[in-house]
Amino acid sequence: QQQVKQSPQSLIVQKGGISIINCAYENTAFDYFPWYQQFPGKGPALLIAIRPDVSEKKEGRFTISFNKSAKQFSLHIMDSQPGDSATYFCAAGGEKLTFGTGTRLTIIP
Amino acid sequence: DGGITQSPKYLFRKEGQNVTLSCEQNLNHDAMYWYRQDPGQGLRLIYYSQIVNDFQKGDIAEGYSVSREKKESFPLTVTSAQKNPTAFYLCASSILHANTEAFFGQGTRLTVV
């Protein structure tokens, strides 16, 4: 089973700070790396995604950094807000996605 | 509104009973997926289908069965052979395969007592 390792398991950040979540993958054939955001009792929703031909993608306060040689990618949330408090999942794949184990992010005032 | 509808939201069953979870989409997506979510384990793929009348096992297919008789529908049956069926089940769909955005339903929380 191909794994995607995600860290940290939980994260507490002050409002206005930068939240950083990291993921590492094994399969070099993976060509799609999305991040999903999930609120309690809801299904995940796509936040931002990147393909391996670029090293960074930014959408508003959310940035993915991608390091192909290290097989790692990370999510940065700038100016973190209480509304960003949720569980975040990284994923990797092609025909099917393999998900990380999730990071519970809490933004405190 | 376009989207994915899972029903019911909550489901209770007695141990030893089979139960079927519904998933319907009106996004005209070819690919559909079933995931199981447990605390601390992320989302694990149970089954997926890329075309009507065809489906593939995911990473944890034992104790589950699916059908894909219509493009819009991908029901999941949790059989009595599934040793630990209590979980949050998520259905998703995408245009062709997972290399594009997957849209998720709101999930069904199954509790087996």
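Letters go in sequence order (proteins before strands), and every chain restarts at 1.
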Inset, instruction - Please look at Arg104(A) and chain B and tell me whether the side chain, the backbone, both or neither of the residue comes under 4.5 angstrom of a heavy atom of that chain. - result: neither
Inset, instruction - Using the rule that two of Ile, Leu, Val, Met, Phe, Trp, Tyr join whenever any of their side-chain heavy atoms come within less than 4.5 Å, decide whether Val113(B) and Val78(B) are in one cluster. - result: no
Inset, instruction - To the nearest 0.5 angstrom, please state how far the CG atom of Leu97(A) sits from the OG atom of Ser94(B). - result: 8.0 Å
Inset, instruction - Determine the minimum heavy-atom distance between Phe88(B) and Gln38(A), stating which atoms define it. - result: CE2-NE2, 3.9 Å
Legend entry - With sequence neighbours excluded, residues passing ring pair (Phe, Tyr, Trp, His ring centres under 6.0 Å) with Phe33(A): Tyr25(A), Phe66(A), Phe73(A)
Legend entry - Whether over 12 other heavy atoms sit under 6.0 Å from Gln14(A) CD: no
Inset, instruction - Using heavy atoms and a sub-4.5 Å threshold, report which of residues 6-14 of chain B line up against chain A, by residue number. - result: Lys9(B)
Legend entry - Which of Pro44(A), Gly41(A), Ala92(A) touches chain B most, by non-hydrogen pairs under 4.5 Å: Pro44(A)
Inset, instruction - Would you mind checking which part of Gln106(B) comes under 4.5 Å of any heavy atom in chain A, side chain (CB onward), backbone (N, CA, C, O), both or neither? - result: both
Inset, instruction - Say whether Val13(A) and Ile64(A) are linked into one hydrophobic cluster, either directly or through other cluster members, by side-chain heavy-atom distances under 4.5 angstrom. - result: yes
Legend entry - Reported CD-to-CZ distance for the pair Gln37(B) and Phe99(A), which is rounded to 0.5 angstrom: 9.5 Å
Inset, instruction - Give the cluster check for Leu75(A) versus Ile20(A): same hydrophobic cluster or not, with ILVMFWY residues linked at side-chain heavy-atom distances below 4.5 Å. - result: no
Inset, instruction - Considering non-hydrogen atoms only, spot the tightest contact between Leu45(B) and Lys96(A) and give its length. - result: CD2-CD, 3.6 Å
Inset, instruction - Among Tyr36(A), Phe89(A), Phe39(A), find the residue that satisfies the ring pair (Phe, Tyr, Trp, His ring centres under 6.0 Å) test when tested with Phe104(B). - result: Tyr36(A)
Inset, instruction - Tell me whether Tyr47(B) is reachable from Val52(B) by hopping between hydrophobic residues (I, L, V, M, F, W, Y) whose side-chain heavy atoms are closer than 4.5 Å. - result: no
Inset, instruction - Could you tell me which portion of Leu43(B) (side chain, backbone, both or neither) has an atom closer than 4.5 angstrom to a non-hydrogen atom of chain A? - result: both
Legend entry - Over 12 foreign heavy atoms within 6.0 Å of CD1, Ile108(A): yes
